[in-house]
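Shown next, in structure tokens, is the structure this report addresses.
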Amino acid sequence: MVELTQNEKRLLVVLEKERKADAPHLARLLETTPEAVVQWAHLTQDKGLVTVERIVEKKFSYTDEGKEYSQNGLPETQLFNVFGESAKFSDLQKNNTFKIGFGQLKKKGVVNVKDGIVFKVSGASTEADEAALRNPSADDPKTKELIRRGILQVSETVRYIIAITPEGTALAKKGLDLREETGILTREQIISGEWKNLNLRRYNVTKLPKKAYPGKVHPYQRIIAEMREILLEMGFEELYGDIVQQCFWNFDALFQPQDHPAREMQDTFYLKETLPLPPGYEKVKAMHISGGETSSTGWGGIWKEEKAEQCVLRTHTTCLSIQHLAHNKNPPVKAFAVGRVYRRETIDTTHLAEFEQLEGIVMDENVSFGNLLGILREFYNRMGFESVRFKPSYYPYTEPSLDAEVYIEDIGWIEMGGAGVFREEVTAPIGINYPVLAWGLGVSRIAMLRLGLKDLRLLHKSDVAFLRETPSLQKAKGGI
Amino acid sequence: MAVITLPYKYLERLTRTDKKTILDKIALIGSDVERTEEDHADVEFFPDRPDLFSPEGVARAMRGYLGIETGLPSYPVKPSGISFTIDPKLADIRPVLGAAVIRGVSFDDESIQSIMSLQESLHWAVGRGRSKVAIGIHDLDAVRPPFRYIASPRSRAFVPLDYTEWMTMEEILEKHPKGRDYAKIIKDFPLFPLIIDSNDHVLSFPPIINGELTRVTIDTKNILLDTTGTDKRAVGVAVNIICTAMAEAGAIIESVEIGGVQTPTLAPAERTVSVKECSRLLGVSLTAPQMAELLRKMRFGAEPAGSDKVKVQVPCYRADIMHDWDLFEDVAIAYGYDKLESQPPKTFTVGKPHPVQVNAALAREAFTGLGYLEVMPFTLTNEDVLYKRMQRPETKGVLHVMHPISIENTVVRTELLPLLLEFLTLNRHRELPQRLFTVGDVVLDCLTHLQAAGVSTHLDADFSEAYASADAVLHELSIVYTVRESNDPAFIDGRRGDIIAGGKTIGVFGEIHPAVLNAFELEHPVAAFEFDLRAVPGYPAL
């Protein structure tokens with residue numbers, strides 16, 4: 001079914017009778033302007049129902065100069081007529097048509113000049129030019145010359161002849177609905193039932209839509225939410241805590257020696273604030289110095305309370321895990337946190353001074369390093385990474401330690417996080433008597449891969465266009 | 001991290017196998033292969049294993065792991081007859097000295113480079129940038145024992161390494177590149193550490209620089225090792241690692257007498273560990289002979305001692321073995337991580353989201369329902385954005401980081417709204433309207449809590465939009481509130497309201513002041529609001 005506007009239909013109805021007519025005529029019949037008729041006709045022509053023929057007509061008229069010449073003859077004709085077979089050049093010069101006329105006569109080869117005498121060429125005249133002046137014709141070079149000389153002027157008029165095609169006739173014969181079209185349906189029309197008589201305007205439904213931008217959560221937040229969801233499903237309790245931590249919980253309780261390079265000012269954001277040490281901190285101190293009551297030797301050396309009291313921006317969320325354990329000593333404990341952590345790094349496309357870390361812990365009577373591998377395998381599988389492997393690694397507060405790698409198509413094995421069993425030096429001073437399995441990973445690394453980001457900073461200093469255009473559903477093929 | 005260069009030919013000779021076998025398995029003992037070149041590989045090792053910071057140490061470990069040579073390596077040491085005295089005045093400066101004589105070395109350019117890089121890696125991993133341990137290696141034949149480690153006046157002069165003229169120790173700290181790098185370790189002491197021979201010739205100015213006199217060249221046959229520092233254990237570890245690496249390369253190690261004691265002994269430490277405890281920790285069932293065999297593969301001496309015990313001899317270079325579990329990790333590595341049975345624990349537990357995050361998710365839902373787009377600004381920002389451009393006084397309780405990376409990141413955010421305005425500045429070229437929100441942590445007086453903020457900018461953004469949006473979000477979070485006229489200078493007077501709940505001001509909304517818009521280089525009106533999520537009923541106290 002061909003979609004026709006109201007006006008196109010009216011044009012067809014008229015043309016069905018007229019068959020073929022020019023635009024002004026049709027405009028009179030349709031009570032509109034010829035321009036409108038031509039516009040409707042072109043749209044209808046696109047649908048094959050009418051043909052539009054464009055006819056250009058040229059009209060010649062005299063310029064003011066031309067008007068004079070049409071009565072008195074062209075200047076060259078006038079000059080030609082003032083002498084016989086020959087004349088003195090100097091005599092002709094006195095004639096007021098000489099200036100234009102002589103040049104023209106010479107150019108046209110009507111006269112010759114020899115020794116100051118002008119001769120008429122036998123049989124030559126300006127008759128053809130006078131004829132062109134009287135009856136101009138579009139294809140005549142003489143006419144074109146007169147136009148060039150500014151004697152004649154030409155104006156174009158365009159006429160449109162519109163004719164109905166057999167298809168148009170067939171359609172019109174079937175009958176066209178000529179009721180007025182309605183754009184917006186009103187409340188009154190709906191409740192009164194008037195809508196039944198309405199001819200609702202049909203729209204071109206294949207045109208591109210106007211852009212609408214929904215409010216939505218950040219794609220990075222969505223990835224964080226997905227990880228939280230998985231851990232909640234796996235029976236973990238969520239932790240949330242302070243960004244500002246004492247060195248005691250951030251480092252000392254995790255058996256990081258006080259002279260460890262990671263504790264230096266150049267790697268960690270220190271604050272001038274301090275907080276008092278928790279009761280029982282002496283056990284941590286003893287562990288550092290001598291290994292406390294365990295089989296450990298401790299780090300030896302000295303341990304200073306002032307260093308432990310100092311506040312830092314947490315360098316990992318492990319400080320939340322260890323405090324949670326200190327308050328929850330009965331097994332089982334399964335907990336996780338996703339939180340922002342801080343490292344004093346020079347900021348570039350792949351390093352930020354603050355980023356999200358996910359960390360999980362499991363404390364239970366008989367859990368083993370093998371169980372840790374099992375949890376990691378399960379977590380990464382649920383994130384969509386099918387192949388997971390483990391290799392030895394080192395973290396100051398876990399023993400044994402490992403790094404988990406996942407396989408990503410087209411990229412290969414990628415390190416995704418570290419894990420291990422909390423050292424006894426970590427668990428014993430806070431009164432935990434069972435193994436604690438712990439693992440962590442950088443959330444932004446997954447975000448970068450999944451969102452195809454080249455610059456991590458875009459997660460936090462985002463282009464609104466990037467946020468608007470990133471679909472909520474990211475294709476998670478092989479986890480990415 | 002320490003990246004060690006391993007020349008294939010040398011490594012193959014020491015390991016007694018081909019490079020492919022080595023490189024295929026090297027990651028399994030705990031390393032990352034950074035790159036492989038035509039004649040060498042660069043491999044990164046962890047800081048707890050400084051004994052792997054040389055090709056000799058790597059070869060020793062790989063021979064064990066590949067089963068070519070297992071068990072405890074033995075390093076015989078006989079006395080050199082050379083002695084050191086230590087000046088008691090060094091007690092508060094740099095009291096600990098370790099030393100050894102290494103005879104019969106045969107250097108080429110490559111092996112000198114290798115020992116230098118081991119020295120540098122140890123300075124980093126064990127020596128804490130030379131403050132805890134500094135190592136000097138000398139041509140023994142250029143000087144005459146006995147040696148003295150003294151606290152010397154700062155004006156004493158000698159010719160430092162890489163120089164031809166005499167310089168005082170003070171001048172060295174000012175002019176010599178190494179002096180400038182490490183001056184901070186000792187510059188505040190009235191006297192400086194110095195090692196001299198019986199002719200008063202200077203061997204070393206630890207921890208700064210050696211003398212040119214004892215420079216090691218390819219002609220050097222016998223080495224004197226000096227290791228000074230502040231921590232006895234760390235100094236001992238450095239001596240042991242260098243001596244055993246040189247012994248692996250074919251040298252003979254001799255002890256020196258320091259304060260009446262012969263050192264080093266390069267003798268192993270002993271530890272008896274439980275097989276049951278190890279099996280339980282790893283989640284495998286091992287017998288004592290199996291466990292002993294796995295430990296020998298990691299170059300420990302190990303023999304079963306009854307059904308549940310294994311007696312372990314820990315080589316002197318294994319600085320990381322502090323606790324029985326450190327040995328159990330080596331058992332796991334020898335066993336193979338991928339061979340361990342990986343099963344999640346069976347105990348039943350129930351997942352539980354944190355109420356703060358539940359509140360945050362609800363706030364996000366309300367904002368997105370209103371058509372707001374979430375952004376996640378950094379938490380580190382600066383006073384200019386937070387206060388100056390907002391025309392606000394500095395918030396009480398704001399935390400300044402002591403050593404910021406740049407002037408952009410000097411404080412932890414106390415509000416979110418300024419960061420949203422900064423976002424609008426970043427996105428001036430993007431289509432309007434823009435409605436942005438963020439839900440996130442702010443910190444006041446060391447305490448963290450959640451806030452939420454929203455901004456809307458377009459031609460008609462105004463007070464009533466801010467009020468309506470704030471009202472909707474507050475309502476969704478069941479916050480019962482009243483409003484009174486605000487005096488927040490970030491907003492237009494007469495078009496700003498404080499949100500009051502539970503008798504406290506918990507937030508603010510209104511039309512941003514044009515001067516603030518100017519400060520953020522914004523051209524359209526902004527309707528904005530921010531509030532404290534601690535006002536949500538049931539928000540937990542941390």
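Every chain is numbered from 1, with letters handed out A, B, ... down the list of sequences. Note: hydrogens, waters and symmetry copies are ignored here, and every other heavy atom, side chains too, is used.
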**OP:** Search all heavy atoms of A/Arg314 against all heavy atoms of A/Arg340 and return the closest pair with its distance.
**Re:**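 It is NE-O, 2.7 Å.
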
Between [Y] and [X], is there a side-chain donor-acceptor contact under 3.5 Å, judged purely by atom types and distance?
| X | Y | answer |
| --- | --- | --- |
| B/Asn409 | A/Tyr342 | no |
| A/Ser296 | A/Glu425 | yes |
| B/Ser342 | A/Arg377 | yes |
| A/Asn330 | A/Tyr434 | no |
| A/Asp348 | A/His351 | yes |
| A/Gln245 | A/Gln323 | yes |
| A/Gln221 | B/Arg364 | yes |

Which region of [X], side chain (C-beta onward) or backbone (N, CA, C, O), has a non-hydrogen atom less than 4.5 Å from a non-hydrogen atom of chain A, or is it both or neither?
| X | answer |
| --- | --- |
| B/Val439 | neither |
| B/Ser31 | backbone |
| B/Asp445 | neither |
| B/Arg271 | side chain |
| B/Arg280 | both |
| B/Asp324 | both |
| B/Leu282 | both |
| B/Phe437 | side chain |
| B/Tyr372 | backbone |
| B/Leu327 | neither |
| B/Glu341 | backbone |
| B/Glu365 | neither |
| B/Leu436 | side chain |
| B/Pro433 | backbone |

Structural part of [X] lying under 4.5 Å from a heavy atom of chain B:
| X | result |
| --- | --- |
| A/Ser393 | both |
| A/Glu273 | side chain |
| A/Ser401 | both |
| A/Ile302 | neither |
| A/Lys461 | both |
| A/Val312 | neither |
| A/Leu459 | backbone |
| A/Leu231 | neither |
| A/Ile224 | side chain |
| A/Pro214 | backbone |
| A/Glu365 | neither |
| A/Phe269 | side chain |
| A/Leu376 | neither |
| A/Val217 | both |

Counting heavy-atom pairs under 4.5 Å with chain B, which one of [options] comes out on top?
| options | value |
| --- | --- |
| A/Val464, A/Leu373, A/Ile375 | A/Val464 |
| A/Met265, A/Glu378, A/Arg457 | A/Met265 |
| A/Ala337, A/Gly291, A/Gly298, A/Gly339 | A/Gly298 |

Within the distance-only criterion (no hydrogens, no angle test), does the side chain of [X] pair as donor or acceptor with the backbone N or O of [Y] below 3.5 angstrom?
| X | Y | answer |
| --- | --- | --- |
| B/Gln434 | B/Asn427 | yes |
| B/Thr448 | B/Asp441 | no |
| A/Trp299 | A/Phe255 | yes |

If you count heavy-atom pairs under 4.5 Å with chain A, which of [options] comes out on top?
| options | result |
| --- | --- |
| B/Val375, B/Val443, B/Asp326 | B/Asp326 |
| B/Thr347, B/Asp32, B/Asp48 | B/Asp48 |
| B/Val273, B/Leu370, B/Val284, B/Leu399 | B/Leu399 |
| B/Leu340, B/Asp330, B/Leu447, B/Leu373 | B/Leu373 |
| B/Ile333, B/Ile29, B/Asp231, B/Ile405 | B/Ile405 |
| B/Pro404, B/Gly129, B/Pro377, B/Gly371 | B/Pro377 |

Between [Y] and [X], is the closest basic N to carboxylate O distance under 4.0 Å?
| X | Y | answer |
| --- | --- | --- |
| A/Lys216 | B/Glu374 | no |
| B/Asp338 | A/Lys391 | no |
| A/Glu354 | A/Arg343 | no |
| A/Asp463 | B/Arg430 | yes |
| A/Asp259 | B/Lys132 | yes |
| A/Arg222 | A/Glu226 | no |

**OP:** Classify the ring geometry between B/Phe46 and A/Tyr394 as parallel (under 30°), tilted (30 to 60°) or perpendicular (over 60°).
**Re:** tilted

Original post:
Do A/Tyr220 and A/Glu356 have side-chain heavy atoms sitting under 4.5 Å apart?
Top reply: yes

Subject >> Axial cation check for B/Trp325 ring with A/Arg423, 6.0 Å and 45° limits >> reply: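 Geometry flag: not set, cation outside 6.0 Å or 45°.
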
